[in-house]
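Shown next, in C-alpha cells, is the structure this report addresses.
Each chain gets a letter, A, B and so on, in the order the sequences are listed, and its residues count up from 1.
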Amino acid sequence: MKEAYFPQEIEKKWQRVWEETGAFKTPDDSDKPKYYALSMFPYPSGKLHMGHVRNYTITDVIARFKKAQGYNVLHPIGWDSFGLPAENAAMKHGANPETWTDENIAYMTKQLKMLGLSYDWDREVATCKPEYYKWTQWLFLQLYKKGLAYKKEAAVNWCNDCGTVLANEQVIDGKCWRCDSVVEKKYLSQWFLKITDYADVLLEDLDKLAGWGDNVKTMQANWIGKSHGAIFRFPVLDAPNGEKMDVPVYTTRPDTVHGITYLVVAPEYKDIEKLTTPENKVAVEEYRANARKMSEIERLSTDRPKTGVPLGTHCKNPFTGETFPLWTADYALVEYGTGAVMAVPTHDTRDFAFAKKYNLPLKTVIKPADKDLGAPESWDDAYVDSGVLVNSGEFNGMDNESAKKAITEKAVKDGFGEFKTQYRLRDWLISRQRYWGAPIPVVYCDKCGIQPVPEDQLPVLLPKDVDFSVVGKSPITTSPTFKDTVCPVCGGHATREMDTMDTFICSSWYYLRYADARNNKECFNKNKVNHWLPVDQYVGGIEHAILHLLYSRFFTKALRDCGLLDFDEPFKNLLTQGMVLKDGSKMSKSKGNTVDPDEIFENYGADTARLFILSDSPPARDFDWSDAGVEGCYKFLNRVWRLIATNADNISLDIPEIKAGDLNKKENDDLLRNVHIAIKGITNDISNDFQFNTVISKYRELTNAIYDWQSKKSTLDDEDKLVLSFAIVSLMKLMSPVAVHLTEEAWHDLGGEGSIHNQQWCKWDENLAKSSSITLVVQINGKVKDKIEVDEGLSQEEMKEKALSSEKIKSQTAGKTVVKTIVVPKKLVNIVVK
RNA sequence: GCUCCAGUGGCGGAAUCGGUAGACGCGUCGGACUUAAAAUCCGAUCGGGGCUCAACCUCGGUGCCAGUUCAAGUCUGGCCUGGAGCACCA
C-alpha cells in the first residue's frame, strides 16, 4: 500500500471501475425493502456550484448509508432542462437552446461523476427531450379531461424582460423571480391549472408530513391562506339605471357589521359602471385609468397613502337599516373575496386611514370589557383587538368571537349572507410565451374551437425552423411549419397553441418518471410508481418551499384522482439544506465570491470536498465556506490514509467477533469500546436528522483514539493486531459513505473482495458501547463541586455515601445542614444544604 | 403588520430525558523534529479573582429580564437582535 495519499489518481480509477461494473444500478425487483433518496434535479446552467455539491453530497451519503443498512436504494438524477436561460443564451450567441443545453448537461455530468455520486445513470431524465415532454403533454391532457386545465381571460402577471406571463408564485415582491424586473398586469387569455380545487386538501395534508420542517409547512399554509368569515349582500338603493342589485362582500369580521360606514369596490370591479352615478362618472373613470397604469409594486405598497373616489350610490345595511355610500379604492383587490369590502373604520386599520382622509363617519361597535375607548374621532388607529359589542342592537354585550357566529347565522336566516371559507391561493397560470418549453398540446379549430391534440399524435414537437433573433415575441411564432395544422375532429384548418408550458410543470412529476424512466408506452407503470414512491428522503434548497414543492404535491393528488397512482403525498421526508456562503454572503458570480468545484477536485480531490461540505454545519443551516476548513479536511484524510497505510501489514479483514471480556489488556479493551461508541454515535447521528457535522467529528475522535493507542505500542501481539484490525476496518466502513474513493482504495489494498460499498454497515454492542466505570458528578445546591470515578453498578445509596465521603464535599458542607439529597442513577448526586 | 426560524469562546459548531457548558475542528500561541523549510507530532487556548509562578482554589458565564425546579443553554412568560416567508388578502 502506498504511503502517500494521491486522491486524483485513486478517484479517477474508481470512478471508471464503478461505471464499468454498473456498481450503482438499482433493480426494480429485490427482496430488500426499498428506499428512495432524491436530490432536487439541477437546471443545466453550465457548471456545478457549491450549492449543488452540498445538495448531492448529502443525498449521496444518505443513499449509501441506507444501502449499507440493507435497503434497495433508488438514487437517480436528471435535468430540469427547459427554461429561459437556454433561450436567452441562444439568442445572445445565435446558437440553438438545445445545443447549449446538451453541452451543459455533458459538462455537468462529468462533474457529477467526479464527485463520486452513486447515481443509477440508466434512469437519467432530461425534461427537454421529446421522450420526456411527450409525457408532460400527455399529463396535461389527463388534467384537461378531468377539468383541471382550462383557458380564461384574466389579469395576469407580465414580465416584459422575459417576454412572458408568470404564475403568482413566480412574482416575488412584485418582481419577476428570475430577472428581478417589475411585473405588470396584462389582460390575456391563458391556460390555468385548477390548483384551487385542492386548496383545502393541500393545507390539511400538511399535517401528514411529519418529516417536513415547520418552516416549509407554515410557508405553504400561509400561501394557501385559508380564512373563515362570511359573505354579506348589501342591497343597492339608488343604482342609476334603476336596477335592483346587491353588492356582496367577504369579511372575516362579521362581528363588526353594525359599524359599517361605507363600502369599497376594487377599481376593476365588474359592476362598477352600473354603480356609478352620471355625476361621478368622470372622476371614477379617471381613477380607474390611473389604477390600470400603476405597476403592481406601486399598487400593493402598504405605505402608499390610501386613495379613492365616491361612486355616488348607496347601500342599505340590513342589520341597522342605515345607508352608507359606495366608493372605489385600489386598496380593494378584485381577485380576492368578492372584490368588494365592507368598511368598518373603527375596527380595521386600513379603513380607519381611509375614513380619516376622506372624513367618513366612525362608529364604535366593539370595546374592551373593562374600559371605555372614548370618541373614535380622537383615536390614533383602529381598535382591532377583541372585546364586547356595543351599538349593535340585539348583539350588545356579546363577546365578539361569539358574535361572529351569531351575526352570520342571522344573515343566513334572513337571506342576505352565508358562512364562507376563503383562500388566497389562485389558480396556476401555466402558459408561457416562450420557445424552450413543452408545447401545450392544444389546437384551435376555426369551426370546433379548442381541441386537445389526440394522445396518439404526441409529442407535439418543438419546431426547429425558428428564428431566435426575434424581439418582442416568442421564437416559436416564426416557424413557418408549426402554426397551421388540421383539426382532429373535423379535419378542417386549425392553428396550434403557440405557448409552451411553465417549466414547473415538467418538474412537478419528474420524481415519478425515475421509477420507470425508459418506458416508451406509458408515462410510468402504475405498479412501479406505487412501489418506489413516495420519495423517502427529498433534499433540496428552501427556495422551492412554495413553488416546486406545492406544485408537486398538487400534481400527485391530481394524478391520484386521475387513477394513475395510489398515494397522495410525493415526499415523505424533506431536508431543506442551507445555503453555501463565503465571507458571510451567498456565493454568487456578481459578488465574485464563488469557489469552483473543479478547482477543489483538482487540488484536493472529491473526498475532501465531500467531507468538508458536510463537516462544518448541520445540513439545514447555512454553511460558510473557508479555505482553511478545506485544508483541514484534506489533512485529516491524509492522517486516516497514513494510519491505514502504516498498519497495512498488521490489518486483517477476516475479523472474528470480539465480545466483552475477550481481551486481556485494558488499553485494547478501551480501544474496542471506543470503536463501539463511534459506531453507535455515527449510526444514530445519521439516522436522526442527518447530523453529518457530528458524524465527522466522531470520525476524528475514533482516528485520534487509534493513534493514541498506537503511540503506546512498540510491538504488536495477536490480540493487539486483532483489535487494531477491528478499529481500522470499522473506521473505513463508517467513513465509506463520505470518503468514497479513499475507503474503496484502502479496502482493495488490504485485500478486500468486491467493493467496500457493498459491505454491511457496522453493528455495535450496547454493552461494549458504554464504559465500565462512570464519572459521578457531585453537586452542592446544583453546582458541580467534585467528580469521582466510580463503578457503574453502584446503588443509589452507595452513590450517596461516596458523594458524602468526598473530602471536598465534607469541607464545603461542614457546619451546614443537609436538607435533601437527589441521586440520579449512574450520573450525579446533588446535595442541598442550608 | 402577521407567521416561522435562530442567538453558546476569536470563528464554525457540540451538549438523547432539564443533570459535568464549550465535544470535534478552524485560528492563535508555545514546543519537538529539521542546517532550514514544508509535512508531521505534542501542549495551551471562556472570563474575573487568589497564590512569587504553577499545580491548585474560587467566583461568574449560553442575547436581556423574570419565573418554575434540588438542578435551566435546554421548560414557561415578557422583551431585544438577526434571518426567512407572506403582506392594502378585508
Side-chain angles (χ1 to χ4, degrees), chain A residues 4 172-174 213-223 225-227 229 249-253 256 263-264 266 299-304 306 329-333 335-344 347-351 353-354 384 422-426 542-543 545-546 578-579 612 615-618 620-633 635-636 638-639 642 681 684-685 688 691 693-701 703-704 707 711 775-787 808 812 819-824 826-833:
Chain A
I172 315 286
D173 291 333
D214 283 340
N215 52 346
V216 178
K217 287 194 278 189
T218 42
M219 276 160 77
Q220 292 209 356
N222 287 344
W223 188 259
K226 184 176 185 173
S227 68
V249 300
Y250 171 72
T251 179
T252 55
R253 294 297 305 274
T256 63
L263 189 150
V264 176
R299 169 94 192 256
L300 295 177
S301 160
T302 44
D303 30 85
R304 194 166 58 87
K306 304 232 165 345
D330 59 13
Y331 79 89
L333 306 174
E335 320 92 90
Y336 186 74
T338 64
V341 182
M342 64 178 223
V344 183
H347 306 296
D348 181 280
T349 52
R350 293 151 304 183
D351 299 344
F354 192 82
V384 295
Q422 181 71 36
Y423 300 90
R424 287 180 24 208
L425 185 70
R426 312 283 156 80
I542 186 77
E543 66 274 18
I546 293 171
M579 288 186 299
F612 176 58
S615 66
D616 264 13
S617 299
R621 237 188 271 183
D622 287 350
F623 177 92
D624 210 338
W625 184 272
S626 89
D627 296 335
V630 181
E631 196 73 40
C633 285
K635 284 182 185 173
F636 173 64
N638 272 282
R639 192 167 143 83
R642 262 197 320 277
N684 287 342
D685 283 357
N688 308 331
Q691 294 178 58
N693 54 329
T694 57
V695 167
I696 285 155
S697 72
K698 281 162 188 158
Y699 292 162
R700 292 176 185 273
E701 281 173 352
T703 307
N704 291 345
Y707 268 108
S711 69
T775 308
L776 174 64
V777 175
V778 187
Q779 299 179 326
I780 296 177
N781 292 345
K783 301 229 153 97
V784 179
K785 296 295 174 183
D786 200 6
K787 296 168 191 180
K808 283 181 190 169
Q812 293 205 33
V819 185
K820 198 179 188 183
T821 313
I822 285 122
V823 182
V824 181
K826 296 179 188 178
K827 229 173 210 159
L828 66 74
V829 175
N830 187 15
I831 301 157
V832 186
V833 298

Point-to-point distance, once rounded to the nearest 0.5 Å, from [atom1] of [X] to [atom2] of [Y]:
X: A:Q779; Y: A:K785; atom1: CD; atom2: NZ; value: 10.0 Å
X: A:I546; Y: A:L425; atom1: CD1; atom2: CG; value: 10.0 Å
X: A:I831; Y: A:I822; atom1: CD1; atom2: CD1; value: 10.0 Å

Next item on the list: Check whether the ring centres of A:F636 and A:F612 lie less than 6.0 Å apart, and answer yes or no.
Entry: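 They do not qualify: ring centres at least 6.0 Å apart.
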
Where the side chain of [X] is defined as all heavy atoms beyond and including C-beta, which of [options] is the nearest nucleotide?
X: A:Y250; options: B:C88, B:A90, B:G13; answer: B:A90
X: A:M219; options: B:G13, B:G85, B:A90; answer: B:G85
X: A:N215; options: B:C70, B:C4, B:A90; answer: B:C4

Note to self: Both distances below 3.5 Å, Watson-Crick or wobble geometry, any strand: find the nucleotide opposite B:U40.
What the structure shows: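 In the structure as shown, B:U40 has B:A32 as its Watson-Crick or wobble partner.
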
Using a cut-off of less than 4.0 Å, is there contact between a side-chain N or O of [X] and OP1 or OP2 of [N]?
X: A:K808; N: B:C57; answer: yes
X: A:K635; N: B:C41; answer: no
X: A:R621; N: B:A14; answer: yes
X: A:Y336; N: B:A90; answer: yes
X: A:R424; N: B:A90; answer: no
X: A:S617; N: B:G13; answer: yes

[X] has an atom [atom1]; how far is it from atom [atom2] of [N], in whole Å?
X: A:E543; N: B:G83; atom1: CD; atom2: C1'; result: 15 Å
X: A:D214; N: B:C86; atom1: CG; atom2: C1'; result: 17 Å
X: A:D348; N: B:C2; atom1: CG; atom2: C1'; result: 14 Å
X: A:D627; N: B:G12; atom1: CG; atom2: P; result: 17 Å
X: A:K783; N: B:U69; atom1: NZ; atom2: P; result: 17 Å
X: A:D685; N: B:A15; atom1: CG; atom2: C1'; result: 12 Å
X: A:D622; N: B:C11; atom1: CG; atom2: P; result: 18 Å
X: A:R253; N: B:C88; atom1: CZ; atom2: P; result: 20 Å

Notebook entry, point to check: Thinking salt bridges, do A:K698 and A:D685 make one under a 4.0 Å N-O criterion?
Noted result: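 Yes.
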
Check: Hey, is A:D330 close enough to A:R304 for a salt bridge, meaning N to O under 4.0 Å?
Finding: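 Salt bridge: yes.
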
Work out how far the [atom1] atom of [N] is from that of [M], and round it to whole angstrom.
N: B:U28; M: B:G82; atom1: P; answer: 31 Å
N: B:U8; M: B:G47; atom1: C1'; answer: 14 Å
N: B:C79; M: B:G1; atom1: P; answer: 13 Å
N: B:A23; M: B:G13; atom1: C1'; answer: 10 Å
N: B:C65; M: B:C80; atom1: C1'; answer: 10 Å
N: B:A71; M: B:U20; atom1: P; answer: 15 Å
N: B:A21; M: B:C59; atom1: P; answer: 13 Å
N: B:G7; M: B:G12; atom1: C1'; answer: 15 Å

Next item on the list: For A:G629 and A:S626, work out which heavy atoms get closest and say how close.
Entry: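 Looking at all heavy atoms of both residues, the closest pair is N-OG, 2.9 Å.
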
Check: What are the two closest heavy atoms between A:Y336 and A:S227, and how far apart are they?
Finding: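 That would be OH-OG, 3.4 Å.
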
Check: Contact class for A:K785 vs. all strands (heavy atom < 4.0 Å): base, sugar-phosphate, or nothing?
Finding: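 The answer is sugar-phosphate, as A:K785 gets under 4.0 Å only of primed atoms, P, OP1 or OP2.
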
Next item on the list: Under 4.0 Å between any heavy atoms, over every strand shown, what does A:Q691 touch: base, sugar-phosphate, or nothing? Just pick one.
Entry: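 Sugar-phosphate only.
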
Next item on the list: Would you mind building the protein contact string for nucleotides 17-24 of chain B? One character per nucleotide, 5' to 3', B for base within reach (heavy atoms under 4.0 Å), S for sugar-phosphate only, - for untouched.
Entry: B-BBS-BS

Notebook entry, point to check: Does A:K826 NZ have over 12 foreign heavy atoms under 6.0 Å away?
Noted result: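 No, NZ of A:K826 has 12 or fewer neighbouring heavy atoms, counting only those of other groups under 6.0 Å.
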
Check: Is B:C56 in the syn or the anti form, by the rule that syn lies within 90° of 0?
Finding: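 B:C56: anti.
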
Next item on the list: Answer syn or anti for B:G9, where the cut-off is 90° from 0 on the glycosidic torsion.
Entry: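 Because its glycosidic torsion lies within 90° of 0, B:G9 adopts the syn conformation.
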
Check: Between A:R642 and A:R426, who's closer to the 5' end of RNA chain B by nearest nucleotide?
Finding: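 Closest to the 5' end, via its nearest nucleotide, is A:R642.
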
Item checked: Polar contact flag, side-chain donor to acceptor under 3.5 angstrom, A:N693-A:R621 ->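 Absent: no donor and acceptor within the cut-off.
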
